[in-house]
K.L.:
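Following this message is one structure expressed as structure tokens.
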Amino acid sequence: MAGILDSFKLDGKTAIVTGCGRGLGQGMSIALAEAGADIFGVGYRADANETKTRVEETGRRFEYMQADLASIEPVPAIFERAIARFGHVDILVNNAGIIKRNDSTDLTEQEWDEVMNVNLKSVFFMCQAAAKHFMARKSGGKIINIASMLSFQGGIRVPSYTASKGGIKSLTMLLANEWARYGINANSIAPGYMATDNTALLRADAGRNAAILERIPAARWGEPCDLAGAVVFLASRASDYVNGFTIAVDGGWLGR
Ligand code: NAP
């Protein structure tokens, strides 16, 4: 019988990672590759060269596709190209996400729709495409959605973001209820306050930065590499009986 550490290995697996070019998506792409997976990375504006280099340094393969996930139109092509390149998909990480800050009295329809389309609508249809592929292959598979502290808390001045990330946590439970019997694990990771472009404005504001740091029990911002353990666990056989759960990787934020 294989040992426990072997159950974390991803050799021979293919992972689609959206938003692979920078931030948390880059960190998770590298972690999955270190565990043995080939990476089919999706990005929109960032150039994915650094991610490609870092993945290939692990000895794994990397293929990139540019796609605007503000629309679900590219979803079939993402799976067709990933399957054409690597033969199959085993892991889907829905990481691409955006945030719009505005008072709830002022938030525009466009600010609502943009965030909901990228953060929730495209995520659902990526999950649907992955599940159809996993079911057709009778292979099972792993779906990992990126949630947020605002899947648990209200936040302030980010109404569409909070709605989308609350939706991610609930949707992940629904997908697990429907698909766990097919060997498909749908789970989410809720990062805490992580040092990426997404939080650059918060970190640049000395007052907000100090207030956030004061409240994080670990007393530091998270780094993309802090998600490595959680994403590899949820992508691997080690999590085969974990379904519909949202794991916080937050330096203790939610416990305060
Ligand atoms: P980031 O540095 O701002 O990166 C966002 C990623 O999303 C980029 O790779 C970007 O790709 C991709 N993306 C945005 N719009 C897209 C579109 N229309 N089509 C395709 N890809 C698109 O953010 P991050 O901090 O790494 O965040 C990654 C995920 O974690 C998001 O879902 C975010 O909500 C979540 N999260 C972050 C934190 C945090 O503290 N940083 C906390 C909780 C949750 P391009 O650059 O190629 O356009």
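Note: hydrogens, waters and symmetry copies are ignored here, and every other heavy atom, side chains too, is used. Read the numbers this way: they start at 1 and go in the same order the structure lists the ligands and their atoms.
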K.L.:
Is the closest heavy-atom distance from A190 to ligand 1 below 4.0 Å?
P.N.:
no
K.L.:
How far is atom 25 (O) of ligand 1 from its nearest protein heavy atom, and which residue and atom is that?
P.N.:
T196 OG1, 2.4 Å
K.L.:
If I apply the N/O under 3.5 Å rule, does G97 come out as touching ligand 1?
P.N.:
yes
K.L.:
Within less than 4.0 angstrom of ligand 1, does G192 place any heavy atom?
P.N.:
yes
K.L.:
What I want to know is whether Y64 and ligand 1 share at least one N or O pair that is separated by under 3.5 angstrom.
P.N.:
no
K.L.:
Using a 4.0 Å heavy-atom cut-off, say whether D68 meets ligand 1 through its side chain, its backbone, both or neither.
P.N.:
both
K.L.:
N/O of L24 under 3.5 Å from N/O of ligand 1, yes or no?
P.N.:
yes
K.L.:
Is it the side chain (CB and beyond), the backbone, both or neither of N95 that lies under 4.0 Å from ligand 1, heavy atoms counted?
P.N.:
both
K.L.:
Would you say Y44 has any N or O atom under 3.5 Å from an N or O of ligand 1, going by distance alone?
P.N.:
yes
K.L.:
Quick check: G23 and ligand 1, any N/O pair under 3.5 Å apart?
P.N.:
no
K.L.:
Would you say W221 contacts ligand 1, with heavy atoms under 4.0 Å as the rule?
P.N.:
no
K.L.:
Nearest non-hydrogen contact with atom 39 (C) of ligand 1 belongs to which option: E114, K165, M194, R22?
P.N.:
M194
K.L.:
Among side-chain atoms of D47 and N49, is any donor-acceptor pair under 3.5 angstrom?
P.N.:
yes
K.L.:
Using modelled atom types only, decide if a donor and an acceptor are shared between the side chain of N145 and the backbone of N94 within a distance under 3.5 Å.
P.N.:
no
K.L.:
According to the interplanar angle, ranging from 0 to 90°, do the rings of Y193 and W253 count as parallel (below 30°), tilted (30 to 60°) or perpendicular (above 60°)?
P.N.:
tilted
K.L.:
Based purely on interatomic distance, does G43 place a nitrogen or oxygen under 3.5 Å from a nitrogen or oxygen of ligand 1?
P.N.:
no
K.L.:
Does ligand 1 come near enough to M149 that some N or O of the ligand is less than 3.5 Å from an N or O of the residue?
P.N.:
no
K.L.:
Just by distance, no angles: are the side chains of T58 and E34 close enough, under 3.5 Å, to form a donor-acceptor pair?
P.N.:
no
K.L.:
Consider only side-chain N and O atoms of S188 and T172, and report whether a donor and an acceptor are under 3.5 Å apart.
P.N.:
yes
